[in-house]
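For ligands, and for the atoms within them, numbers begin at 1 and follow the listed sequence.
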Amino acid sequence: MGYQEVYQSWKSDPEGFWMQQAEAIDWDRKPSKALFDKGNDLYEWFADGLTNTCWNAVDRHVEAGRGGQVAIIHDSPITGTLHKITYSELRNRVARLAGALRAKGIEKGDRVIIYMPMVPEALEAMLACARLGAIHSVVFGGFAANELAVRIDDAKPKAIIAASCGLEPGRVVHYKPLLDGAIDLATHKPDFCVIFQREQEVARLEDGRDVDWHGFQYGVEPAECVPVEGNHPAYVLYTSGTTGAPKGVIRHTGGHLVALNWTMKNIYNVDPGDVFWAASDVGWVVGHSYICYAPLIHGNTTIVFEGKPVGTPDAGTFWRVISEHKVRSFFTAPTAFRAVKRDDPKGEFVKKYDISCLNAIYLAGERADPDTIEWAQKVTGKPIYDHWWQTETGWTIAGMPAGIEALPVKIGSPSVPMPGYDVRILDEAGHPMKPGELGAIAVKLPLPPGTLPTLWNAEDRFRKSYLSHFPGYYETGDAGMIDEDGYLYIMARTDDVINVAGHRLSTGGMEEVLAAHPDVAECAVIGVTDELKGQLPMGFVCLTTGVNRPHEEVTKECVKLVRDKIGPVAAFKLCAVVDRLPKTRSGKILRATMVKIADSEDFKMPATIDDPAILDEIKVALQGLGYAKG
Ligand code: COA
Ligand code: AMP
């Protein structure tokens with residue numbers, strides 16, 4: 001069957017399609033049907049089945065006689081170490097860790113926050129939670145204590161599992177003080193913390209609260225997998241929205257297993273036993289789906305890579321890892337390739353390694369610019385497949401179904417909708433647009449298995465963010481178009497979310513931080529174009545009347561404030577003091593116009609602008625920051 005036939009087979013019988021895919025999963029009790037319509041636009045998949053994620057990702061491969069296969073390769077150019085863990089070893093390690101967590105009182109439904117760098121123990125912690133039916137929430141290491149505290153207060157974890165430190169090139173990230181700071185800041189307090197002591201930095205343990213990762217596993221009874229309902233949350237992952245309060249995306253167990261397993265062959269075109277590598281971080285959705293769960297559920301070998309595309313030690317790292325571990329499919333973000341391209345424009349490093357094992361390269365997380373795609377194609381000689389998805393969906397909305405049929409690539413397009421997604425382009429009023437016309441991208445409900453059923457503790461916000469604008473549809477927050485051949489093009493966000501080096505960030509969240517500076521009366525944060533990171537945040541602050549301090553002093557404090565409150569990952573380094581912000585007569589800040597000026601793009605003077613002269617002042621400020629030069 002080709003792509004069209006598979007897509008049509010889903011469209012003509014969505015439930016039959018997914019029930020058939022569910023056959024590839026081990027169930028303690030098979031679901032009686034696929035889709036459960038909860039009414040009022042809420043849906044669940046495989047809700048009455050009973051299964052366990054860890055069983056499907058680990059134990060079943062051991063039972064099937066593949067225990068000797070490597071499950072996880074930890075390749076860490078930062079520490080200069082390489083470590084392989086077989087499926088049997090993984091089962092034993094995870095069962096013991098789960099046993100220790102159970103002995104400390106962790107049960108099905110309890111939340112556990114995981115705050116760890118790119119070490120196999122991060123995956124083991126996720127899997128141990130899954131084994132017990134506990135709901136994990138992994139927090140990215142580049143966030144500051146305050147962001148961790150916000151997540152602690154929302155998820156209310158019984159336990160936190162953290163490492164003593166993370167390692168960035170030339171810098172040790174002291175996780176433990178960040179964790180202690182976050183617990184101090186949070187209203188909710190966990191019962192206990194498990195600390196994985198890395199040899200690069202041993203952290204002080206808090207008496208009565210913290211236990212040592214190895215020590216607390218001593219003498220415990222390994223835990224068996226606890227069967228959970230198909231609609232039991234496997235995890236909650238927080239992502240940026242329009243405001244500073246992150247959204248807790250819920251992933252239900254059954255749909256997650258079925259959908260991710262389907263993607264491994266049909267999208268990534270790997271077979272069980274093949275090595276698959278997603279060079280992301282476990283703190284992001286790509287890391288959840290494609291470093292941890294999907295490759296393991298499908299019986300692949302996954303790579304946990306602790307390094308950067310460049311500088312660890314050079315721009316050849318990707319090719320070294322691919323060749324050394326015989327990677328068959330590789331997934332990264334365009335920004336990573338832009339970094340490699342900057343250091344090695346001619347692809348000299350690629351020539352040093354045999355990457356004949358590699359079938360294709362997949363890009364996601366941000367718009368893949370044609371220059372980067374063409375460069376990657378040229379230097380590697382491999383197909384480069386852009387694919388589009390979101391934390392909310394957990395897997396590809398539109399991509400190349402390479403395991404079904406390698407369709408022609410159209411550079412600039414992440415290709416075609418996957419089965420499960422009925423993608424539509426709508427105008428502001430919700431009317432369908434014609435091929436080639438730009439509009440909001442929406443997906444007809446229900447969304448497929450594996451996507452978010454709602455937000456953690458926030459059903460109203462779920463409705464408001466995704467369902468209310470276009471009744472009967474999921475609003476993606478992206479704008480774009482579909483061409484005559486059914487290929488999708490993603491052009492921009494329709495909200496205040498920006499994408500910095502493949503990391504999703506909220507400008508609204510940064511504005512909240514800047515507004516809290518005692519000398520700031522008003523502020524705006526916009527996302528300007530950056531050659532390496534795609535976008536960079538830039539702040540404009542107006543000072544409170546009477547404040548008469550050197551502007552440089554204030555902007556420095558603003559930069560520090562965002563780093564301290566949100567974290568280094570925000571990459572907030574551009575900030576200017578201005579007298580006024582450009583606004584409409586009704587007081588709405590004209591952020592989109594500011595972005596256009598910064599990027600030296602043509603723009604139409606907004607008819608509703610209050611005082612056009614302010615734009616000249618903004619232009620001067622932008623030029624001071626190295627923008628608006630064209
Ligand atoms: N823990 C702690 N700090 C982190 C971190 C982590 N896990 N990840 C990033 N940071 C810090 C960095 O050290 C940097 O700090 P600095 O301001 O002190 O230099 C800051 O956050 C910004 O990091 P980043 O945006 O990653 O920039 P960079 O200059 O260090 O690296 C790239 C640029 C392009 C090489 C890098 O962003 C990259 O590899 N991107 C790929 C992104 C990706 O895979 N995204 C996943 C979505 S698919
Ligand atoms: P995240 O939830 O962090 O994965 O970010 C999702 C957002 O990143 C999407 O809504 C898009 O705005 C953007 N994005 C992800 N993949 C792509 C892609 N292939 N092309 C364009 N934008 C993308």
Side-chain angles (χ1 to χ4, degrees), residues 78 115-118 122 139-144 163 165-175 178 237-241 247 249 278-291 305-312 315 317-318 331-343 362-369 373 385-399 412-415 441 452 475-480 488-495 497-505 530-536 559 563 566-573:
I78 290 203
Y115 188 54
M116 296 185 93
M118 288 297 287
V139 179
F140 179 63
F143 283 124
C165 69
L167 301 166
E168 283 290 288
R171 178 165 72 99
V172 173
V173 185
H174 312 288
Y175 274 40
L178 284 168
L237 176 60
Y238 289 90
T239 190
S240 303
K247 299 170 178 170
V249 168
S280 179
D281 188 287
V282 281
W284 306 115
V285 70
V286 176
H288 280 61
S289 294
Y290 292 106
I291 295 173
F305 172 71
E306 191 178 30
K308 298 272 174 180
V310 291
T312 58
T317 308
F318 278 174
F331 180 164
T332 188
T335 191
F337 272 169
R338 288 196 294 270
V340 175
K341 178 176 157 216
R342 197 172 60 172
D343 280 16
Y362 295 77
L363 297 179
E366 57 172 330
R367 203 180 96 80
D369 53 293
I373 295 188
Y385 297 138
D386 180 17
H387 59 327
W388 168 63
W389 50 296
Q390 314 180 305
T391 304
E392 287 85 345
T393 65
W395 61 283
T396 309
I397 309 171
S413 163
S415 301
I441 313 180
L452 84 172
E475 183 184 8
T476 64
D478 284 310
L488 209 69
Y489 293 77
I490 316 298
M491 311 306 281
R493 287 290 302 191
T494 56
D495 56 14
V497 165
I498 58 169
N499 203 309
V500 180
H503 306 138
R504 175 167 161 182
L505 298 164
D530 180 71
E531 231 176 69
L532 175 67
K533 298 194 179 186
Q535 281 183 299
L536 276 182
V559 166
R563 193 177 172 95
I566 296 179
V569 67
F572 182 84
K573 288 177 181 160

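For the pair Ile490/Arg367, no side-chain contact is recorded, criterion being any heavy-atom separation below 4.5 Å from C-beta on. Residues Thr332 and Leu363 meet the side-chain proximity criterion, which asks for heavy atoms closer than 4.5 Å. Within the 4.5 Å cutoff, side-chain heavy atoms of Val173 are placed close to those of Leu178. Two residues are said to be in side-chain contact when any heavy atoms from C-beta on lie closer than 4.5 Å; Phe572 and Leu505 fail this criterion.
Using 4.0 Å as the threshold, Arg563 has a heavy atom nearer than that to some atom of ligand 1. Residue contact annotation: Gly365 has a non-hydrogen atom under 4.0 Å from ligand 2. Residue contact check for ligand 1: Phe331 places no non-hydrogen atom closer than 4.0 Å to it. Within the 4.0 Å heavy-atom shell around ligand 1 one finds Thr335.
Proximity to Val569 (heavy-atom distance under 4.0 Å) selects the following atoms of ligand 1: 21 (O). Every atom of ligand 1 is numbered from 1 in the order shown, and the set under 4.0 Å from a heavy atom of Pro309 is 35 (C), 39 (O). Ligand-side atoms of ligand 2 in range of His387: 16 (N), 18 (C), 19 (N), range being under 4.0 angstrom from any heavy atom. Close approach of ligand 2 to Ile490 (heavy-atom distance below 4.0 Å) involves ligand atoms 21 (C), 22 (N). Set against the non-hydrogen atoms of Thr391, the atoms of ligand 2 under 4.0 Å away are 1 (P), 2 (O), 3 (O), 4 (O). Which parts of ligand 2 touch Trp389 is read off a 4.0 Å heavy-atom cut-off, strictly below it: atoms 6 (C), 9 (C), 15 (C), 16 (N). Less than 4.0 angstrom separates some heavy atom of Lys573 from each of these atoms of ligand 1: 17 (O).
Only the side chain of Asp386 comes within 4.0 Å of ligand 2, judged by heavy-atom distances. Within the 4.0 Å heavy-atom criterion, the part of Asn499 lying near ligand 2 is the side chain and not the backbone. In His503, neither the side chain nor the backbone holds a heavy atom less than 4.0 Å from any atom of ligand 2. At a heavy-atom distance under 4.0 Å, no atom of Trp284 approaches ligand 2.
Any N or O atom pair closer than 3.5 Å counts here, and Thr476 shares no such pair with ligand 2. Residue Glu392 places no N or O, backbone or side chain, under 3.5 Å from any N or O of ligand 2.
When the heavy-atom distances from atom 1 (N) of ligand 1 to Pro117, Ala278, Gly141 are ranked, the shortest goes to Gly141. Across Arg504, Glu168, Lys308, heavy-atom proximity to atom 13 (O) of ligand 1 is greatest for Glu168. For the residues Glu366, Lys247, Arg504, the heavy atom positioned nearest atom 20 (N) of ligand 2 is part of Glu366. Taking each of Gly142, Ser280, Cys165, Pro169 in turn, the one with a heavy atom nearest to atom 46 (C) of ligand 1 proves to be Ser280. Selection from Lys533, His503, Arg338, Arg171 by nearest heavy atom to atom 3 (N) of ligand 1 gives Arg171. When the heavy-atom distances from atom 44 (O) of ligand 1 to Gly311, Gly170, Gly502, Ala279 are ranked, the shortest goes to Ala279.
Tested against Glu366 for a salt bridge (charged side-chain N to carboxylate O under 4.0 Å, His left out), the candidates Arg504, Lys533, Arg338 yield a single pass: Arg338.
Scanning both residues, Val500 and Ala570, for their nearest heavy atoms gives CG1-O, 4.5 Å. Of all non-hydrogen atoms in Ala278 and Val286, the two that sit nearest each other are CB-CG1, 4.3 Å.
Aromatic ring orientation, Phe318 versus Phe337: perpendicular (interplanar angle above 60°, classes split at 30° and 60°). The aromatic rings of Tyr290 and Trp389 sit perpendicular, their planes meeting at an angle over 60°, well past the 30° parallel limit. Using bins of under 30°, 30° to 60° and over 60° for the plane-to-plane angle, the ring pair Trp284/His503 lands in the parallel bin.
The backbone N or O of Cys165 lies less than 3.5 Å from no partner atom in the side chain of His174, so there is not a single donor-acceptor pair. Not one N or O on the side chain of Thr391 forms a donor-acceptor pair closer than 3.5 Å with the backbone of Val285.
From the protein, the heavy atom lying nearest to atom 48 (S) of ligand 1 is Val286 CG2, 3.5 Å.
Checking atom 9 (C) of ligand 1 against the protein gives a heavy-atom contact under 4.0 Å. Shown here, atom 36 (C) of ligand 1 is out of close reach of the protein: none of its heavy atoms lies under 4.0 Å off. Contact annotation for atom 18 (O) of ligand 1: protein present (non-hydrogen atoms, distance under 4.0 Å).
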